[in-house]
Amino acid sequence: MEAASFDPFEFELFRNALLSVADEMALTVHRTTYSAVLRDNLDYSTGFFDPQGRMIAQGFSLPAHLGSMPTALGAVLTRFGGEIRPGDVYALNDPFHGGMHLPDIFIFKPIFVDGELMAFAGTISHHTDVGGRVAGSNAPDSIEIYQEGVRIPPMRIFDSGKRNETFFELLLTNVRVPDMVGGDLRAQLAACHVAEKAFVEMCGSYGVAKVRRLVDAMLDHSERLARAEIARLPDGTFAFEDYLDDDGIDVGKPILLKVTVTKKGDGILFDWTGSSPQVRGALNATLSFTKSASYCGVLSIMENKVPNNEGAFRAIEVVAPEGTVVNCVHPASVAARGLTGFRMVDTVFGALAQMVPGKVTAAGDGGNTNISIGGYDRNRKPYIFCDFTCCAWGGRAFADGLDGNSHMFANMAGQSSEVIEAEQPLAVECYELLGDRGGAGKFRGGAPYRRAYRFLGDEAVISVRSDRRAIRPYGLYGGYPGAPSMNVLTRAGGKPEVYPAKFYGQLRYGDRFVHETAAGGGWGDPLERDPERVLKDVLNEFVSPANAHDLYGVVLAADGRSVDLPATEALRARIRAGRGWREAPYALREEPTVLPQAAE
């Protein structure tokens with residue numbers, strides 16, 4: 001059904017009303033959740049679906065969940081088919097039955113109007129713990145799914161309105177923080193209830209038959225918008241490769257991610273053939289997550305806002321061979337697959353940079369680092385601190401990379417120091433942006449940050465999932481790569497020790513852990529950066545005077561507060577004359593300078 005078949009004002013009012021339902025669901029989760037992972041990190045998404053499981057609207061939440069929710073609901077429909085009844089609610093988290101990784105629990109509620117199935121409301125939330133061998137259920141070094149926590153196949157958790165007590169008792173018995181997990185599940189259920197109430201009212205206003213036609217028209221409208229945007233892009237085939245450092249088990253063995261993007265007419269294909277086989281560690285991703293990364297990449301370069309729904313996805317094809325790190329098979333471990341998703345977006349951007357150079361950023365911080373610290377207080381009550389730290393964008397064709405801002409694939413936030421100290425046995429001793437880290441370029445890469453935690457409990461376990469230590473965020477068009485990430489652990493009374501990007505260990509009272517995120521890569525030749533912008537960076541301590549001279553070819557006046565332009569022009573000419581390489585438009589550059597030593 002074409003949108004043009006309806007009064008345009010009526011269609012637009014309906015479309016925005018339905019989009020607002022998904023947004024109101026997201027606000028409901030935020031207002032009613034128990035955990036900092038949802039309240040502060042915002043690691044959840046909401047969606048609204050038609051009876052066939054097609055996503056109509058996604059709330060203002062995570063692009064990482066774009067491809068996952070339709071896949072998860074599809075698994076529910078496959079399992080229950082014609083057995084769906086009013087009052088039912090369904091849940092799952094099993095990566096091999098529609099899920100992604102075990103902490104992400106999906107909740108779906110069918111919505112009936114006058115006895116007819118009209119829609120599904122859906123939520124996905126990252127839960128603080130779902131059991132397994134490590135507190136937080138997010139260890140990078142698990143080697144099979146059975147180590148990672150409770151697996152929930154598609155199942156009915158409310159049966160015609162009756163709560164499935166067996167499900168809730170079994171789940172909450174097997175998690176370390178049952179009050180928090182139970183509270184977050186209730187927040188998801190509340191969001192679905194809000195959506196049901198709003199949609200039933202809409203059906204009463206428009207009538208069931210018209211609502212069905214309007215929903216079909218919404219999807220067709222989104223498809224037309226997406227295809228029109230894709231048609232404006234250059235035809236061709238564009239390939240790019242990027243790497244994860246390793247999986248934390250086969251240390252030092254990079255994991256290849258390769259994408260070939262083929263654009264023809266009004267359709268686009270992302271082919272991940274050539275990526276590494278699935279790995280022993282927990283970085284394996286499901287096909288749904290690979291779809292999410294592919295959708296995120298292409299939707300981000302579209303000039304007009306295209307809704308995130310099934311209509312837009314019709315124009316985007318994703319291929320990923322089974323048994324690879326981008327489409328794993330049972331019994332692969334998947335807990336840390338978030339790192340792979342972020343790197344897939346970087347890989348997609350590397351390919352799109354060849355297609356539309358001005359619309360793509362250089363590589364960012366590599367995706368959020370997960371830090372989980374879990375233990376028991378003196379009353380044997382368990383606690384878990386689970387935080388996702390994210391920071392720096394790569395440089396852009398028109399501006400520097402953002403400082404202190406989440407990777408666009410996540411759209412998440414970090415937890416505040418005050419909340420951490422109020423709720424956990426931790427003191428946050430520093431939380432600061434770092435200078436001399438962003439990749440040099442005409443437009444500088446975003447600055448990363450350092451956060452230091454002092455442990456104040458008796459004993460705990462710590463699990464850290466990070467990357468971009470060995471293989472730094474790439475620069476584009478002559479931009480330099482960003483600085484790597486860093487983990488430093490100082491035992492009480494001891495000396496600082498550099499720890500791997502991925503590790504699991506013990507903490508005792510007084511131990512101090514410091515994490516530095518990676519920095520964004522630069523965009524364009526650093527010698528083309530406006531000298532006044534370099535001076536501003538020096539004054540704001542983003543760039544040292546030494547790197548202003550060595551990387552940007554900028555000579556400061558004796559007072560350090562102005563630029564010596566004649567000396568700058570002469571220095572830049574000497575640097576250009578001494579270069580022994582030619583720029584490649586999207587080549588990765590070798591690191592050009594010695595980085596400052598990590599702090600404790």
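Quick note: numbers below take in every heavy atom, side chains included, and nothing from hydrogens, waters or symmetry partners.
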Distance-only criterion, 3.5 Å: show the donor-acceptor pairs between side-chain atoms of residues 193-202 and protein atoms not counting sequence neighbours.
{"residue": "Lys197", "atom": "NZ", "partner": "Glu201", "partner atom": "OE2", "Å": "3.1"}

Once rounded to the nearest 0.5 Å, what's the spacing between atom [atom1] of [X] and atom [atom2] of [Y]?
X      : Y      : atom1 : atom2 : answer
Lys291 : Thr286 : NZ    : OG1   : 10.0 Å
Tyr295 : Phe270 : OH    : CZ    : 10.0 Å
Ile316 : Lys263 : CD1   : NZ    : 13.0 Å
Asn308 : Phe313 : CG    : CZ    : 5.5 Å
Leu102 : His126 : CG    : NE2   : 10.5 Å

Any side-chain donor paired with an acceptor under 3.5 Å for [X] and [Y]?
X      : Y      : result
Ser68  : Ser288 : no
Glu12  : His221 : no
Asp387 : Thr389 : no
Ser35  : Asp184 : yes
Trp272 : Ser294 : yes
Asn309 : Gln58  : no
Asn411 : Ser406 : no

Point to revise | Derivation and outcome, side-chain contact (heavy atoms from CB on, under 4.5 Å), residues Val306 and Leu299 | key: CA-CA 7 Å; Val306 178; Leu299 289 171; 4.3 Å; yes

Output side-chain donor-acceptor pairs under 3.5 Å for residues 164-173, partner residues at least two apart or in another chain, one line each.
{"residue": "Asn164", "atom": "OD1", "partner": "Thr166", "partner atom": "N", "Å": "3.2"}
{"residue": "Asn164", "atom": "OD1", "partner": "Phe167", "partner atom": "N", "Å": "3.1"}
{"residue": "Asn164", "atom": "ND2", "partner": "Arg156", "partner atom": "O", "Å": "3.1"}
{"residue": "Glu165", "atom": "OE1", "partner": "Arg163", "partner atom": "NE", "Å": "3.2"}
{"residue": "Glu165", "atom": "OE2", "partner": "Arg163", "partner atom": "NE", "Å": "3.2"}
{"residue": "Thr173", "atom": "OG1", "partner": "Glu169", "partner atom": "O", "Å": "2.6"}

Going by heavy atoms in the side chains, are [X] and [Y] under 4.5 Å from each other?
X      : Y      : value
Asp88  : Phe158 : no
Arg133 : Ser142 : yes
Phe385 : Ile420 : yes
Pro110 : Pro51  : no

Exercise for review: For Trp393, check side chain to side chain donor-acceptor pair (under 3.5 Å) against everything at least two apart and list the hits.
Suggested key: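 Checked Trp393 against side chain to side chain donor-acceptor pair (under 3.5 Å); zero matches.
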
Shortest non-hydrogen contact between [X] and [Y], atoms and distance:
X      : Y      : value
Leu62  : Ala410 : CG-O, 2.8 Å
Pro103 : Gly136 : CG-O, 4.4 Å
Ala413 : Asn41  : O-ND2, 2.7 Å

[X] (side chain) donor-acceptor with [Y] (main chain) under 3.5 angstrom:
X      : Y      : value
Arg343 : Gly366 : yes
Glu229 : Met302 : no
Asn284 : Gln278 : no
Glu322 : Val329 : no
Asp94  : Pro153 : no
Arg15  : Leu214 : no
Ser137 : Gly131 : yes
Ser45  : Ser61  : no
Gln415 : Cys386 : yes
Ser300 : Gly297 : yes

Exercise for review: Kindly state each residue pair satisfying ring-ring contact (aromatic ring centres under 6.0 Å, His included) with at least one member in residues 128-152, sequence neighbours excluded.
Suggested key: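 Pairs touching residues 128-152 that pass the test: Tyr146-His330.
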
Practice item. Quick one: which residue pairs count as a ring-ring contact (aromatic ring centres under 6.0 Å, His included) with a foot in residues 49-76, not counting sequence neighbours? Key: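 Non-adjacent pairs meeting ring-ring contact (aromatic ring centres under 6.0 Å, His included): Phe49-Phe108.
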
Ion pair present between [X] and [Y], side-chain N to carboxylate O less than 4.0 angstrom?
X      : Y      : result
Asp179 : Lys381 : no
Lys258 : Asp271 : no
Asp159 : Arg85  : yes
Arg213 : Asp216 : no
Arg39  : Glu423 : yes
Asp220 : Arg314 : yes

I'd like a table of donor-acceptor pairs (distance under 3.5 Å, sequence neighbours excluded) in which one partner is a side-chain atom from residues 70-84, with atom names and distances.
{"residue": "Thr71", "atom": "OG1", "partner": "Gly67", "partner atom": "O", "Å": "3.0"}
{"residue": "Thr78", "atom": "OG1", "partner": "Gly74", "partner atom": "O", "Å": "2.9"}

Exercise for review: Determine, stepwise, if the pair Thr32 / Arg186 fulfils side-chain hydrogen bond (donor to acceptor under 3.5 Å, both in side chains).
Suggested key: CA-CA 8 Å; Thr32 60; Arg186 290 194 294 274; over 6 Å; no

**Study point:** Asp247/Ile255 under side-chain contact (heavy atoms from CB on, under 4.5 Å): CA gap, chis, key distance, verdict
**Key:** CA-CA 8 Å; Asp247 67 353; Ile255 301 166; 3.9 Å; yes

Exercise for review: Please step through side-chain contact (heavy atoms from CB on, under 4.5 Å) for the pair Glu148 and Ser333, ending with a clear verdict.
Suggested key: CA-CA 7 Å; Glu148 297 187 322; Ser333 52; 3.2 Å; yes

Review point. Hey, would you say the Phe409 and Phe289 ring centroids sit under 6.0 Å apart?
Key: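 So the answer is yes for these two rings.
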
Practice item. Please report the C-alpha distance between Asn368 and Met412 in whole Å, then the side-chain angles of each, then the deciding distance to 0.1 Å, and finally whether the side-chain contact (heavy atoms from CB on, under 4.5 Å) criterion is met. Key: CA-CA 9 Å; Asn368 57 37; Met412 293 166 64; 3.4 Å; yes

